[in-house]
Amino acid sequence: MAAKSSGINAEYGGKCGSVLVRLVPAPRGTGLVSAPVPKKLLSMAGFEDCYTCATGQTATLGNFAKATFAAISATYAYLTPDMWSATVFTNSPYQEYTDYLAKPFVKQPKKEVKY
């Protein structure tokens, strides 16, 4: 079983209005390095280690929060192996029809057709 991740595995971004928020992976134990608005959202989303970078008019808290939420939503677009659904494999036709294929082939004589 894989170890539980405390952060993100790649860079993600979100945009709302003029605000662009980028989430950057941070080393384990770094904590959340961001402004208060993204820090609150990231902590509620369960992230422990993450850097953030924001550009645009971040004083508009609504757009800042929506851009952060869009960046967090982008992290769920990537499926990690622990999120994969279980695969049910079926038998190949060779395995399914082994008994039929194991029988020796007997060539049938051709019937004469008269016109």
Side-chain angles (χ1 to χ4, degrees):
M1 187 171 158
K4 185 178 179 289
S5 174
S6 64
I8 57 175
N9 54 359
E11 284 191 19
Y12 297 98
K15 184 171 177 14
C16 181
S18 68
V19 181
L20 178 71
V21 174
R22 209 170 50 141
L23 304 179
V24 182
R28 191 174 294 257
T30 304
L32 296 174
V33 180
S34 69
V37 172
K39 186 179 281 192
K40 188 75 167 174
L41 288 170
L42 289 167
S43 66
M44 285 193 284
F47 294 103
E48 295 173 9
D49 304 311
C50 181
Y51 295 130
T52 61
C53 176
T55 59
Q57 190 65 35
T58 57
T60 349
L61 293 182
N63 287 349
F64 197 15
K66 284 182 184 178
T68 305
F69 186 79
I72 292 170
S73 297
T75 64
Y76 289 99
Y78 181 80
L79 290 178
T80 55
D82 60 327
M83 299 168 78
W84 292 349
S85 60
T87 305
V88 179
F89 294 106
T90 59
N91 288 338
S92 74
Y94 292 117
Q95 291 174 333
E96 195 170 335
Y97 300 106
T98 308
D99 297 334
Y100 177 77
L101 294 172
K103 285 194 259 181
F105 179 73
V106 178
K107 195 170 187 179
Q108 300 293 329
K110 285 188 173 181
K111 293 182 183 177
E112 282 189 33
V113 180
K114 293 182 182 178
Y115 294 102

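Computed from heavy atoms alone, side chains included, the values below leave out hydrogens, waters and symmetry copies. Position 1 is the first residue of the sequence; numbering continues from there.
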Exercise for the section: Output yes when a side-chain donor or acceptor of Lys15 lies under 3.5 Å from a complementary backbone atom of Gly17, and no otherwise. Expected result: yes
Completion exercise
dist Leu23:CG -> Ser34:OG (nearest 0.5 Å) comes out at 9.0 Å
Exercise for the section: Calculate, to the nearest 0.5 Å, the distance between atoms SG and CG belonging to Cys50 and Leu42 respectively. Expected result: 5.0 Å
Problem - Thr30 OG1 to Glu48 CD distance, which is reported to the nearest 0.5 Å - result: 11.5 Å
Can you give me every donor-acceptor pair (side chain of residues 55-73, partner residue at least two apart or in another chain, under 3.5 Å) with its distance?
unit_1: Thr60; atom_1: OG1; unit_2: Gln57; atom_2: O; d: 2.8
unit_1: Thr68; atom_1: OG1; unit_2: Phe64; atom_2: O; d: 2.8
unit_1: Ser73; atom_1: OG; unit_2: Phe69; atom_2: O; d: 2.9

Handout entry: Rounded distance (nearest 0.5 Å) linking atom OH of Tyr12 with atom OG1 of Thr75
Key = 6.5 Å
Completion exercise
Glu11 meets the salt bridge (charged side-chain N to carboxylate O under 4.0 Å, His left out) criterion, sequence neighbours left out, with Arg22
Problem - Nonpolar side-chain network containing Val24, other nodes, edges under 4.5 Å - result: Val33, Tyr51
Problem - Expected output: side-chain Ser43 to main-chain Lys39 donor-acceptor under 3.5 Å - result: yes
Handout entry: Polar side-chain atom of Asp49 near backbone of Gly31 as donor-acceptor pair, under 3.5 Å
Key = yes
Problem - Shortest non-hydrogen separation from Gly13 to Ala74 and the atoms involved - result: O-CB, 4.2 Å
